[in-house]
Chemist: 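Can you read through this structure? Questions will come right after.
Heavy-atom basis, side chains included; hydrogens, waters and symmetry copies ignored.
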Amino acid sequence: MTSDVQQQPKKADFIRDSVKADISSGRHYGRVQTRFPPEPNGYLHVGHAKSICLNFGIAEEFGGFCNLRFDDTNPETESVEFVNSIHHDIEWLLGKTLSKEPLFASDYFENMFEWAVTLIKRGKAYVDDQDAATISELRGSYTQAGENSPFRERSPEENLELFLKMKDGGFAEGSCVLRAKIAMDHENMNMRDPVLYRIRKKSHFRTGNKWVIYPTYDWAHGQSDALEKVTHSLCTLEFESHRLLYDWFLEQLEVPIDQRPYQTEFARLNFTHTVLSKRLLKKLVEDGVVAGWDDPRMPTISGLRRRGYPSKSIRNFCQHIGIAKTNSTHEIELLESFVRTELNQSSQRRMAVIDPVRLTITNWPEGKIEYRTAINNPENESAGTRDIPFSGSLFIEREDFKEDPPAKFFRLSPGREVRLRYGYFVTCTDIVKDKSGKVVEILCTYDPATSGGKAPDGRKVKATIHWVEQTNCIKGSVATYDRLFSSERPDLLDDPFEDLNKESLEVLESAVFEPAVADVASNEVVQFERLGYFCRDESQVNLFHRTVGLRDEWANIQKRNKSK
RNA sequence: UGGCCCGUAGUUCAACUGGCGGAACGCCUGGUUUUGGUCCAGGAGGUUGCAGGUUCAAGUCCUGCCGGGCCAGCCA
């Protein structure tokens, strides 16, 4: 069983506390509704996973509902390709198909337009003919009040006429905008007459050419929440200063207090050794640093999926890290530990040698093949056993042999005896080198009496190593992955791309696998014993991606010696 | 020379209305083990950002500092 600690941490955080408080105070008559509102202009990454787990999790825990709503208010960057990938990624992450079709902010364009008309009629919005640069300039600064636009005092009638003309395409892009009329000297910059509508004569992937005016985030988001009767609108910290505006709109629109959604902000997720901004992720793809959005090194949901991360481990991770308002960066190792915990339970074991060197047993009967029984998953007896061919001609891992073994190296070296996993004890008697001095073959003798894995005389070996029989092996390749960026916080660097880890991908093309590796399905993750967890690529034949390595004490020992 | 938010082990989070500062990951030691994995037992690691104040008692309440984040897109 997965450890209870990682499986069932108590769920409590300031957001869940406030939801509970709202339920007991009857704020929304006990109703709980959330939403996950991605903009379809890129792929989802682990940062989004936190928000997805939060929003869908809270809805489930409190008997409510969570909408998937695409925030598609900007026709210039959005596309149906992203809608599909996001939808798919969410269902994969949650491990279930959504019970309701996704919603779109663009479906509310008509409602938002009507509400904007209401605002205009009440003298709370006006059409401004200033250009973007002038609006920005007159907005003032943090320490200086802004100035009113010369168009600020237009009458509701004039504003309405102009707004209708905007809607009907009577004005050029950028020639005017609709602004809320709040206060140009407000200490919160978002309240200094924010823009509600801008003109974009672009085709929208859902509404086509029906609209030429598009609502901004501030105008679209809260109103969409209200229309859907969302109760708890959860977003990340950078929207904190927008909350005042969010509430102002609902107030002006006279949305009844017991029906109003409330915005609560939490800290977004960051990880060491990677970047999570859409801009940088896009650049990694466009510059060809990675092979695509689903490159196994990418922190995208699709990248992690291809890498073999079980969705459950990501969910468990999100549950474990909790929700807070502190800006924080998680060690990527923590996520990896959740992946290992999950995979240790679920994955079958196989043997593979990814950097092979020949091992010949000199006293093995010529041509004899013997079948050895191996356990498929020691954590799950029902996974059964399989038989693996064994002979005097094997491959072992080059790393498992050292001619001059350093301290604490327990594996094979001249004169030393080790156990071959599920095989026999073998002792290295000689080695063969090529002209360059590279070891090409290791000669051993085996002890037939150690067939059971133990020596009848009670002598012990300090190591068990894995192997693959030569004549029956499957040949293939293995891709191992390392951090994409060398430093812990590449996002803090002036140019994160100077920090790229050039060795983030290594392809070993002469890997060999035991015959039962043929049973491993596409996208299935198996543990290659002593190496780590590996996921079979879905298209390339006999290519395995290393999901994550096993915890490796020998690596720690070497690291410690190095730093001494 | 503004406003808002945030400071608890290396990291990320806990600590009900003030009541003996805990956990996970990482690290170290030992045990088990036909994976240097898993599992089990134990350990190190904290001036709760700093300084005052209130109180029998402060991580928690008050004041002032310090450090970090966000905000001046017709992006979200």
Chemist: Using atom C1' in both nucleotides, what's the gap between B:G49 and B:G59 to the nearest angstrom?
Modeler: 12 Å

Chemist: Contacts to RNA chain B from residues 448-467 of chain A, heavy-atom cutoff under 4.0 Å, which residues?
Modeler: A:S451, A:G452, A:G453, A:K454, A:T464

Chemist: Measure from the side-chain heavy atoms of A:P378 and tell me the nearest of B:G37, B:A76, B:G7.
Modeler: B:G37

Chemist: Using a strict heavy-atom distance below 4.0 Å, which residues from residues 405-412 of chain A are in contact with RNA chain B?
Modeler: A:K408, A:F409, A:F410, A:R411

Chemist: Check every strand shown and say whether A:T329 touches a base, only sugar-phosphate, or nothing at a heavy-atom separation below 4.0 Å.
Modeler: sugar-phosphate

Chemist: Looking across every strand, which nucleic acid part, if any, lies under 4.0 Å from A:R421 by heavy atom: base, sugar-phosphate, or nothing?
Modeler: base

Chemist: Could you tell me whether A:H221 and A:F239 have their ring centroids closer than 6.0 angstrom?
Modeler: no

Chemist: Let me check I have this right: for RNA chain B, each base becomes ., (, ), [, ] or |, based on Watson-Crick or G-U pairs with both distances under 3.5 Å. What is the full string?
Modeler: .((((((..((((.....[..)))).(((((.......))))).....(((((..]....))))))))))).....

Chemist: Judged by modelled atom types alone, do A:E76 and A:Y214 share a side-chain donor-acceptor pair under 3.5 Å?
Modeler: no

Chemist: Between B:U1 and B:C6, how many Å separate the two C1' atoms, rounded to a whole number?
Modeler: 22 Å

Chemist: The criterion is side chain to side chain contact (heavy atoms under 4.5 Å, CB included); which residues satisfy it with A:E553, sequence neighbours excluded?
Modeler: A:I557

Chemist: Ignoring the backbone of A:R198, work out which of B:A24, B:C27, B:C74 is nearest its side chain.
Modeler: B:C74

Chemist: Would you state whether a donor and an acceptor, one from the side chain of A:Q527 and one from the base of B:U35, lie under 3.5 Å apart?
Modeler: yes

Chemist: May I ask you to say what A:T73 touches in the nucleic acid, namely base, sugar-phosphate or nothing, with a heavy-atom cut-off under 4.0 Å?
Modeler: sugar-phosphate

Chemist: Regarding A:S241 and A:N188, do their side chains bring together a donor and an acceptor under 3.5 Å, going by distance alone?
Modeler: no

Chemist: What's A:R200 touching, base or sugar-phosphate or nothing? Going by heavy atoms closer than 4.0 Å.
Modeler: base

Chemist: Mind calculating the distance between CZ (A:R16) and P (B:A14) to the nearest angstrom?
Modeler: 11 Å

Chemist: Among B:C27, B:U12, B:C25, which nucleotide has an atom closest to any side-chain atom of A:N556?
Modeler: B:C27

Chemist: Is a donor-acceptor pair below 3.5 Å formed from side chain A:E379 to base B:G37, judging by atom type as modelled?
Modeler: yes

Chemist: To the side chain of A:T216, which of B:C13, B:A76, B:G73 is closest?
Modeler: B:A76

Chemist: Looking at the rings of A:Y197 and A:F163, which for Trp means the six-membered one, are their centres under 6.0 Å apart?
Modeler: yes

Chemist: Going by distance alone, is a donor N or O of one side chain under 3.5 Å from an acceptor N or O of the other, for A:T134 and A:D131?
Modeler: yes

Chemist: Without hydrogens or angle criteria, can the side chains of A:D89 and A:S85 be said to hold a donor-acceptor pair below 3.5 Å?
Modeler: no

Chemist: Return the nearest nucleotide to the side chain of A:L334; candidates are B:G37, B:C75, B:C25.
Modeler: B:C25

Chemist: Have A:R349 and A:N377 got a donor and an acceptor in their side chains that come within less than 3.5 Å?
Modeler: yes

Chemist: Is the side chain of A:R268 donor-acceptor paired with the backbone N or O of A:G47 at a distance under 3.5 Å, no angle test?
Modeler: no

Chemist: Of the nucleotides B:U1, B:G36, B:C28, which one has an atom closest to the side chain of A:T143?
Modeler: B:U1

Chemist: Donor-acceptor pairs are to be reported for all side-chain atoms of residues 275-283 of chain A against protein atoms at under 3.5 Å, with residues two or more places apart or in another chain.
Modeler:
from   : atom 1 : to     : atom 2 : distance (Å)
A:S277 : OG     : A:L280 : N      : 3.1
A:K278 : NZ     : A:N41  : OD1    : 2.4
A:K283 : NZ     : A:D287 : OD2    : 2.9

Chemist: Calculate the interatomic distance between A:Y422 atom OH and B:U33 atom P; express it in whole Å.
Modeler: 16 Å

Chemist: Would you say the ring centers of A:Y424 and A:Y446 fall short of 6.0 Å from each other?
Modeler: yes

Chemist: At under 4.0 Å between heavy atoms, what does A:L531 touch on the DNA or RNA strands: base, sugar-phosphate, or nothing?
Modeler: nothing

Chemist: Short of 4.0 Å, heavy atom to strand atom, which residues of residues 125-135 of chain A count as contacting RNA chain B?
Modeler: A:Q130, A:D131, A:A132, A:I135

Chemist: Answer yes or no: side-chain N or O of A:R349 and base N or O of B:U35 forming a donor-acceptor pair under 3.5 Å.
Modeler: yes

Chemist: Could you check which of B:A72, B:G37, B:G10 has an atom nearest any side-chain atom of A:E331?
Modeler: B:G10

Chemist: Establish, from distance only, whether the side-chain atoms of A:Y43 and A:E81 form a donor-acceptor pair under 3.5 Å.
Modeler: yes

Chemist: Distance check needed: B:U35 C1' versus A:F528 CZ, whole Å only.
Modeler: 14 Å

Chemist: Can you name the salt bridge (Lys or Arg N to Asp or Glu O under 4.0 Å) partners of A:E61, sequence neighbours left out?
Modeler: A:K11, A:R16

Chemist: Measure the distance from NZ on A:K559 to P on B:C27 and round it to the nearest whole Å.
Modeler: 7 Å

Chemist: Kindly write out the residues that satisfy salt bridge (Lys or Arg N to Asp or Glu O under 4.0 Å) with A:R179, not counting sequence neighbours, or none if the list is empty.
Modeler: A:D128

Chemist: Take atom P in B:U38 and the same atom in B:U29, then report the distance between them in whole Å.
Modeler: 15 Å

Chemist: Determine the Euclidean distance between corresponding P atoms of B:A44 and B:A24; express it in Å to zero decimal places.
Modeler: 15 Å

Chemist: Between A:Q263 and A:E265, is there a side-chain donor-acceptor contact under 3.5 Å, judged purely by atom types and distance?
Modeler: yes

Chemist: If you look only at pairs with a residue in residues 182-196 of chain A, which of them pass as a salt bridge (Lys or Arg N to Asp or Glu O under 4.0 Å), with sequence neighbours excluded?
Modeler: A:R152-A:D193

Chemist: Distance check, C1' atoms only: B:G69 and B:U63, in whole angstrom units.
Modeler: 24 Å

Chemist: Which atom names give the shortest non-hydrogen contact between A:E78 and A:E39, and what distance separates them?
Modeler: OE2-OE2, 2.6 Å

Chemist: Would you say the rings of A:W554 and A:F409 are close, in the sense that their centroids are separated by under 6.0 Å?
Modeler: yes

Chemist: NA contact type, A:G140, heavy-atom cut-off 4.0 Å: base, sugar-phosphate, or nothing?
Modeler: base

Chemist: Please state the P separation for the pair B:U55 and B:C50 - nearest whole angstrom.
Modeler: 23 Å

Chemist: Categorize A:R139 for me: base, sugar-phosphate, or nothing, with a 4.0 angstrom heavy-atom threshold over every strand shown.
Modeler: sugar-phosphate

Chemist: Are A:R483 and A:T274 linked by a side-chain donor-acceptor pair shorter than 3.5 Å?
Modeler: no

Chemist: In the 5'-to-3' direction, what one-character label does each nucleotide of nucleotides 40-46 of chain B receive under the scheme B = base within less than 4.0 Å of a protein heavy atom, S = sugar-phosphate only, - = no such atom?
Modeler: -------

Chemist: Under 3.5 Å, is there a donor on one side chain and an acceptor on the other for A:D225 and A:Y246?
Modeler: yes

Chemist: Taking atom C1' in both B:U54 and B:U11, what distance in whole Å separates the two?
Modeler: 35 Å

Chemist: Could you run through nucleotides 65-71 of chain B and give me one letter per nucleotide, 5' to 3': B if any protein heavy atom sits under 4.0 Å from the base, S if only the sugar-phosphate is that close, - if neither?
Modeler: ----SSB

Chemist: Closest approach to the side chain of A:E39, judged atom by atom: which nucleotide of B:C28, B:C75, B:G37 is it?
Modeler: B:C75

Chemist: Between B:G68 and B:A23, how far is it from one P atom to the other, in whole Å?
Modeler: 32 Å

Chemist: Just the rounded figure in Å: distance from C1' of B:G26 to NE2 of A:H330.
Modeler: 14 Å

Chemist: What residues, two or more places apart in sequence or in another chain, satisfy salt bridge (Lys or Arg N to Asp or Glu O under 4.0 Å) together with A:R551?
Modeler: none

